[in-house]
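For reference, the structure discussed in these notes is given below.
Quick note: numbers below take in every heavy atom, side chains included, and nothing from hydrogens, waters or symmetry partners. Just so it is clear, the model here is predicted, and its values are computed rather than measured. In this chain, residues are counted from 1 in sequence order.
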Amino acid sequence: MVNILEKAKLELQDIIKNALGVAISAGDLPKEPISAFNVEIPADTKNGDFASNVAMVSARAFKMAPIKIAEAIKTHLVLESTYFERCEIAPPGFMNFFVSKKWFSDAVNAINENADSYGRSNFGQGKKVMVEFVSANPTGPMHIGNARGGAIGDCLASILDCAGYDVTKEFYVNDAGNQIEKFGLSLSVRYLQLFKGEENVPLPEDAYHGADIITHAENFAEIYGDKYVNVSDEERKKALVDYALPLNISALKEDLLKYRINYDVWFLESQLHKNGDVQKCIDILKDKGLTYELDGALFYKASQFGAEKDEVLVRANGIPTYFAADIAYHYNKFATRGFDKVINIWGADHHGHVARLKGAIDAIGLDGTKLDIVLMQLVRLMRNGEPVRVSKRTGKSITLKDLLDEIPIDAARFFFNLREASSQMDFDLDLAVEESSQNPVYYVQYAHARICSIIDNLKKEGIASDYKNCDYSLLNKDEEKELIRYLALLPNEIIDSAKAYDPARITRYSINLATLFHKFYSACRVKGEERSLAVARLGLCNAVRCVLKNVLELLKIEHPDKM
């Protein structure tokens, strides 16, 4: 787990501290405690690869102008045999440091030596994190919002794992409550219509009207005939749900596997009722005096914990609400399974639920700050510059399955992670299938394939790179240095992406890296140069290949050797 930038940063902190100590001993600076200072990577590396505010923050303690402090420190800097070759001072006292050839050489070497593991870190220190995402209603197929949530959640889980967390991916199956009651009613009506006619058994307006309900009812009737026509409504609904729900869940799993999402856990809501977690949480709230009865229903005093209004826990008919089950589900996540952090990916229409759920976690004696919610905005599908709402194939609303039948999986996963979850996005269906540099995923994959071709062709010509013994000090051109600096950023980019719960940082990184590689390759020949330089550039090409491969694998996107 190498981070060549962090290694240089720590070394520079020590260099500055040592210089401060010598300057104080020599009487160039007053004998005062050394103030805490920062070492950072500036946005524009033309002004230095690293910058420090040490002189600025020391001005008050030393009672000196920052520029004078910076000059005193610079006088006593020892840079020999370090990653740094020089320091420059900029008004009013910033200290800018430039890395040496050794750092550039070590950076390329580190990437090639670590190869598949480059970018990984122990930042997360093995903390247990759950990412719960999609959790689509199992009463029907997944929609486009689920497609975006799936890509974001799955890639975020990969990034957290790469950053050193112990990650569990979970799908919460809502197999209890009102939606299952409605599912059973809808199936029951469609089943009875097959034997009694639609005019005699009308489908309620608020029932599910999809063609999938009709198909389930017809297939059930083929198996059981009219066996359930004259039984009680409850028996008929239960039989139909027991038949159709597992098929729907199986279809969800199949579609998500096609989308390259493989969950660690499929958690059933019904288990919370069976194992007593729902009742346990209700009892905890009762014992704390945080409930009251009104019109036969049991309410939770949610307004005492940041919510806008109190919430029903148990309806007047004695059935717990979805909110009661949600509290129990998070009790199970934290108290039973011991997750240090839980991240839920939700649609933006659930924003009102965030405060009340966090407050409820606090109310049952746990820590609501351990729950983080990523709110995901809507997606608008575009074709020929116009919004698309229906599938070409079915003429109905586009589902995840429809989308994956129309565009490559690589494009779907990449495009849905092009922007932060909090941003609304237009998904260009035409661009997603285009094989050109205008298509960002094609552009990145082409960079990887191009490098593989370069390496393969030069090997055939007898030029192969022993990456450990390359003379990378020959890589002195601006395009080479710019590329190496960007390669070195990967571990930090992954950590920052994990901190922000933002996989879009990684897609942007891959696009920028591909751009820098093409820029380098246009300016710096590999073939036809003096052999030692050609071999060093070949080693740099391989480092780019390693990083592109690692990034694409994080996103679960293919990295072809040929295109």
Side-chain angles (χ1 to χ4, degrees), residues 130-142 146 149 168-188 191 207-208 210 212-213 216-217 220 228 231-256 261 263-285 297-298 300 311-339 342 344-346 350 353 357 360-361 364 366 371:
M130 176 198 286
V131 184
E132 187 228 317
F133 58 104
V134 180
S135 296
N137 193 327
T139 58
M142 284 176 288
N146 301 136
T168 295
K169 295 182 291 186
E170 184 150 305
F171 190 112
Y172 181 50
V173 182
N174 303 128
D175 65 334
N178 277 346
Q179 75 276 6
I180 297 300
E181 179 65 26
K182 186 192 292 188
F183 186 51
L185 173 63
S186 307
L187 289 165
S188 179
Y191 172 75
Y208 293 126
D212 55 308
I213 300 293
H216 279 318
F220 182 84
Y228 289 92
V231 301
S232 69
D233 287 344
E234 288 307 310
E235 184 179 348
R236 184 187 315 109
K237 285 190 289 188
K238 183 179 184 307
L240 280 156
V241 168
D242 287 348
Y243 163 77
L245 190 62
L247 294 176
N248 277 9
I249 294 172
S250 178
L252 290 176
K253 290 182 178 181
E254 185 177 331
D255 289 346
L256 286 163
I261 299 175
Y263 287 91
D264 300 301
V265 178
W266 287 74
F267 191 98
L268 301 179
E269 180 188 348
S270 58
Q271 287 299 113
L272 299 168
H273 297 276
K274 291 176 183 176
N275 68 17
D277 277 350
V278 173
Q279 189 59 51
K280 180 187 292 184
C281 289
I282 291 171
D283 290 342
I284 290 171
L285 293 172
L298 183 69
Y300 150 60
E311 298 290 339
V312 178
L313 283 179
V314 183
R315 302 180 186 90
N317 61 8
I319 298 175
T321 60
Y322 179 83
F323 184 54
D326 214 9
I327 297 171
Y329 179 39
H330 287 82
Y331 175 89
N332 179 278
K333 290 178 178 181
F334 290 116
T336 305
R337 289 188 279 168
F339 284 99
V342 169
N344 294 347
I345 314 290
W346 288 353
H350 287 72
H353 189 48
L357 181 56
I361 293 170
I364 58 174
L366 300 173
L371 171 66

Rounded to the nearest 0.5 Å, what separation is found between the OG1 atom of T336 and the CG atom of D277? 5.0 Å
Taking D242 first and then K238, would you say they form a salt bridge - that is, a charged N and a carboxylate O separated by under 4.0 Å? yes
Is E170 paired with K333 through a side-chain N to carboxylate O contact shorter than 4.0 Å? no
Does K182 make a cation-pi contact with Y208 (under 6.0 Å, within 45 degrees of the axis)? yes
Y329 vs Y172, ring pair (Phe, Tyr, Trp, His ring centres under 6.0 Å): CA-CA, chis, key distance, verdict: CA-CA 9 Å; Y329 179 39; Y172 181 50; 3.8 Å; yes
Hey, are K169 and E132 close enough for a salt bridge, meaning a charged N less than 4.0 Å from a carboxylate O? no
Whether F220 and Y228 hold their rings parallel, tilted or perpendicular, with breakpoints at 30° and 60°: tilted
Would you say the ring centers of F334 and F339 fall short of 6.0 Å from each other? no
Determine, stepwise, if the pair R236 / D233 fulfils salt bridge (charged side-chain N to carboxylate O under 4.0 Å, His left out). CA-CA 5 Å; R236 184 187 315 109; D233 287 344; 2.9 Å; yes
Take the angle between the ring planes of H216 and F183 and call it parallel below 30°, perpendicular above 60°, tilted in between. perpendicular
Hydrogens and angles aside, do H350 and N344 bring a side-chain donor and acceptor to less than 3.5 Å of each other? no
Indicate, with yes or no, if the rings of F133 and Y263 have centres closer together than 6.0 Å. yes
Straight-line distance of L187 CG to D212 CG, nearest 0.5 Å: 8.5 Å
D264 versus T168, side-chain donor and acceptor atoms under 3.5 Å: no
Sequence neighbours excluded, the answer for side chain to side chain contact (heavy atoms under 4.5 Å, CB included) partners of V314 is I282, L298
Value for CG (L256) from CG (N146), rounded to nearest 0.5 Å, stands at 8.5 Å
